[in-house]
Amino acid sequence: MNKIRVLPEILANKIAAGEIVERPASVVKELLENSIDAHCRTLHVSVLSGGKRLIQVRDDGEGMNPDDAILAFEHHATSKLQNAEDLAAIATLGFRGEALPSIASVSRLTLKTRPQDPDSMSGTEVEIQGGVMRSVKPVPWDRGTEITVRDLFFNVPARRKFLRSHDTELGHIARLVTHYALAHPEIRFALESDGRTLIDAVAVSELEERIYQIFGERFLDNLVELSGQAGSVKIRGFSSRPHEQRTNTYSQFFYVNRRMVRDKVITSAIRQAYHNCMPASAYPVVILFVELPFDEVDVNAHPAKTEIRFRDQSAIHKLVQDTIEQALVKSASVPQYEHRGLTAPDPAIPGQSYPARVDTFQNQGEEAFDFTSPAVSTNPFQRALNYPFRELPTFTPAKHEDHASLRIVPDMLIGSPVESSRPFQSSAVRILGQLQDSYIIACDNQGLLIIDQHVAHERILYEKMAAAARNSTVETQGLLVPLSLDLPPHQVALLERMIPELNRNGFVVEHFGGNSVLVRSVPAIAGDSDCRKLLSEILEGLEQEERILDLERIRDRIAVSTACRAAVKVNMPLTTEKMQWLLDQLALTRIPTNCPHGRPVILRFTIYEIERNFGRI
Ligand code: ADP
Ligand code: MG
């Protein structure tokens, strides 16, 4: 007897559905994409119990006639592809003809639809349960399409078990709707969950307006605008200023020809663009649209269609990285202090309230910087999305530094308006003195500046070192007595691989056999800093890199560690000349506002803030 059997159709469909329908949000994705492909103007999504009980998507698009309404549930039935050539240049979001039959095979689905066509007298209703068509009948219907999906996975208990809590599933749905709402400002998007409206964004003409509708007023203030082109590839969008940091990628939205995608090339370009102004543990907000000819990208790489392949990956990588870097440099601005009064108000004065954030400001405890538990938002939409948004402090805890006597939470920081491309001009700055032997206090015609001397110097040295490494002109300095180091075993292999690059960057390091290495020289910039610590810091940093190490990453790691070790420390008195030198040099750097770990270098108190706090205005 043969052992191979062809699976019954219903079982095969269920298996195929597994690839497309992972959770309620995947259903929402497919239905939204169909509505957008049908050129709708309004899209209404309604869910019950995080989409587990019900998902309903209603549009006012092209609709279907009765024959198409039935055909739509056949596998590989699509109106979007005609022949093999079409596959090479797909312009619609859908093309596989698999979504509706897959969804219908794992739920109880009702479709109501009517085409725009004035000849069609009524609408059509199709009911399918677990892939079996139960009824097709004419119904009164205005126009467009409504698909209702009940009891997802009712017949696939294994999948149903893996669904998460209502809130988690709702979060995925809300993010999905947000994704497509950002890509299509010209469509009205509404999302309702258990009767509550989470999104209602009327049609607008610009992306900015849509961002404003969804994320609120202040969101855009902390982003820079992106715009770039290379050959036939264009990119546009927005991304974080360096101080706008998130703990996860939930605020990253990528699109290729307005299709939402996940893509390693884009992710890596973004990482590299931010690598010297944001800690590796933080993520920028990015809304990025890549537009390119349809035949330059293969969208048929995965059943869910979110993975794609660019024909020329490196060109895309370079364009994204360069565009973000240029936007960051152009808009480098000093974070502004935005806060009334440093001291607690007098409780005896009636009506004087104590702003909650003053507490955080003075609080040195780590709890103010807890990234793990996003603060509870009062806005139901934000809560559903589980977005950190504005409530979550975004600076890295300064655990490795004990000097941070003045710490800020980002809520108090806003970027100053970008009047000039430089955040300050050193010729206009007058040094007033040093605070706690750690901070330079200065003023210019816009107000007061506080500069963290250590991170300022770190930024200067980092850029010098990185530039020298790029030009292979790193100066080296021999040690009077070569230093012998014993490394832990797991670092020896890493060091062996790194030796050539270390030696190109101002070190002279030899492997001595076993766990021992001998250091004969270090980069001159490192001065007399502890080179034992420097080397182990470099190796530890490299070990933590989650990505494959390329030359640039290695070089950068060396530059970051060397700059940090060699920079002037806090609690060190400086002469006025030395402070002036630091500011002059800082003004020449590419990103004077943030240290290579992403922390701020300068705080500004504007004249306006000072006058406001003194009650003069
Ligand atoms: P695909 O989108 O890959 O073509 P689907 O299974 O998602 O496959 O849909 C099958 C077909 O049903 C589509 O090609 C389209 O013609 C039709 N269709 C689905 N949803 C809608 C809708 N909301 N409005 C109009 N037509 C639709
Ligand atoms: Mg589709």
Side-chain angles (χ1 to χ4, degrees), residues 9 12-14 16-22 25-46 55-84 86-87 89-107 109-117 120 123-128 131 133 136 139 141-149 176-177 179-180 183-184 187-190 257-261 294 298-308:
E9 190 185 330
N13 291 352
K14 269 196 205 173
E19 290 183 313
I20 300 173
V21 190
E22 190 196 339
S26 350
V27 173
V28 176
K29 172 176 184 291
E30 295 298 336
L31 299 183
L32 284 189
E33 290 187 345
N34 280 344
S35 298
I36 294 169
D37 280 343
H39 306 107
C40 69
R41 296 273 126 214
T42 318
L43 243 169
H44 193 278
V45 183
S46 176
I55 298 164
Q56 186 172 70
V57 174
R58 195 172 68 234
D59 70 47
D60 58 356
E62 284 159 6
M64 286 173 265
N65 66 30
D67 289 345
D68 283 345
I70 297 167
L71 249 183
F73 293 96
E74 292 292 324
H75 278 274
H76 311 298
T78 178
S79 55
K80 303 170 193 175
L81 282 188
Q82 308 275 343
N83 50 42
D86 291 351
L87 199 57
I90 293 165
T92 46
L93 295 170
F95 54 88
R96 306 177 77 248
E98 281 285 289
L100 289 186
S102 297
I103 297 167
S105 73
V106 292
S107 67
L109 185 148
T110 310
L111 162 83
K112 288 183 191 169
T113 188
R114 180 173 164 185
Q116 306 265 356
D117 171 6
S120 76
T124 309
E125 185 185 276
V126 177
E127 271 188 71
I128 303 184
M133 202 160 286
V136 180
V139 283
W141 191 245
D142 190 11
R143 61 175 196 148
T145 303
E146 179 189 88
I147 294 184
T148 310
V149 175
L176 208 277
V177 177
H179 241 106
Y180 272 119
H184 293 275
I187 299 177
R188 177 185 183 154
F189 274 82
N257 292 337
R258 294 221 268 179
R259 172 193 305 282
M260 78 175 253
V261 296
F294 293 117
D298 180 7
V299 295
N300 188 19
H302 188 267
K305 301 166 289 168
T306 42
E307 279 165 35
I308 44 145

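First listed ligand is number 1; within each ligand, the first listed atom is number 1.
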Sub-3.5 Å pairs, protein N or O with ligand 1 N or O:
| from | atom 1 | to | atom 2 | distance (Å) |
| --- | --- | --- | --- | --- |
| ligand 1 | 2 (O) | Asn34 | OD1 | 2.9 |
| ligand 1 | 2 (O) | Lys80 | NZ | 2.7 |
| ligand 1 | 3 (O) | Phe95 | N | 2.9 |
| ligand 1 | 3 (O) | Arg96 | N | 3.0 |
| ligand 1 | 3 (O) | Gly97 | N | 2.7 |
| ligand 1 | 4 (O) | Thr78 | OG1 | 2.5 |
| ligand 1 | 6 (O) | Ala99 | N | 3.3 |
| ligand 1 | 6 (O) | Leu100 | N | 2.9 |
| ligand 1 | 7 (O) | Asn34 | OD1 | 3.0 |
| ligand 1 | 7 (O) | Asn34 | ND2 | 2.8 |
| ligand 1 | 8 (O) | Gly97 | N | 3.4 |
| ligand 1 | 14 (O) | Thr78 | OG1 | 3.3 |
| ligand 1 | 14 (O) | Ser79 | N | 3.0 |
| ligand 1 | 14 (O) | Ser79 | OG | 3.1 |
| ligand 1 | 16 (O) | Ser79 | OG | 2.5 |
| ligand 1 | 20 (N) | Asn34 | ND2 | 3.4 |
| ligand 1 | 23 (N) | Asp59 | OD2 | 2.9 |
| ligand 1 | 24 (N) | Thr145 | OG1 | 3.3 |

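Arg188 meets the side chain to side chain donor-acceptor pair (under 3.5 Å) test with Asp200; sequence neighbours excluded. With sequence neighbours excluded, the residues that form a side-chain contact (heavy atoms from CB on, under 4.5 Å) with Asn83 are Glu85, Asp86.
Within the protein, the N, O or S atoms sitting under 2.8 Å from the Mg ion (ligand 2) are Asn34 OD1.
Annotation: side chain of Ile103 is in contact with side chain of Val149 (closest heavy-atom distance under 4.5 Å). In this structure the side chain of Leu43 reaches within 4.5 angstrom of the side chain of Ile36, judged on heavy atoms. Residues Asp68 and Ser79 fail the side-chain proximity criterion, which asks for heavy atoms closer than 4.5 Å.
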Next item on the list: Let me see the working for His179 and Leu32 under side chain to side chain contact (heavy atoms under 4.5 Å, CB included), right down to the final yes or no.
Entry: CA-CA 11 Å; His179 241 106; Leu32 284 189; over 6 Å; no
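What you find for Leu71 and Ala77 is that their closest heavy atoms are O-CB, 3.1 Å. Nearest approach of Lys80 to Gly94, heavy atoms of both residues: CD-O, 3.4 Å. Ala17 approaches Ser102 most closely through the heavy-atom pair CB-O, 3.5 Å.
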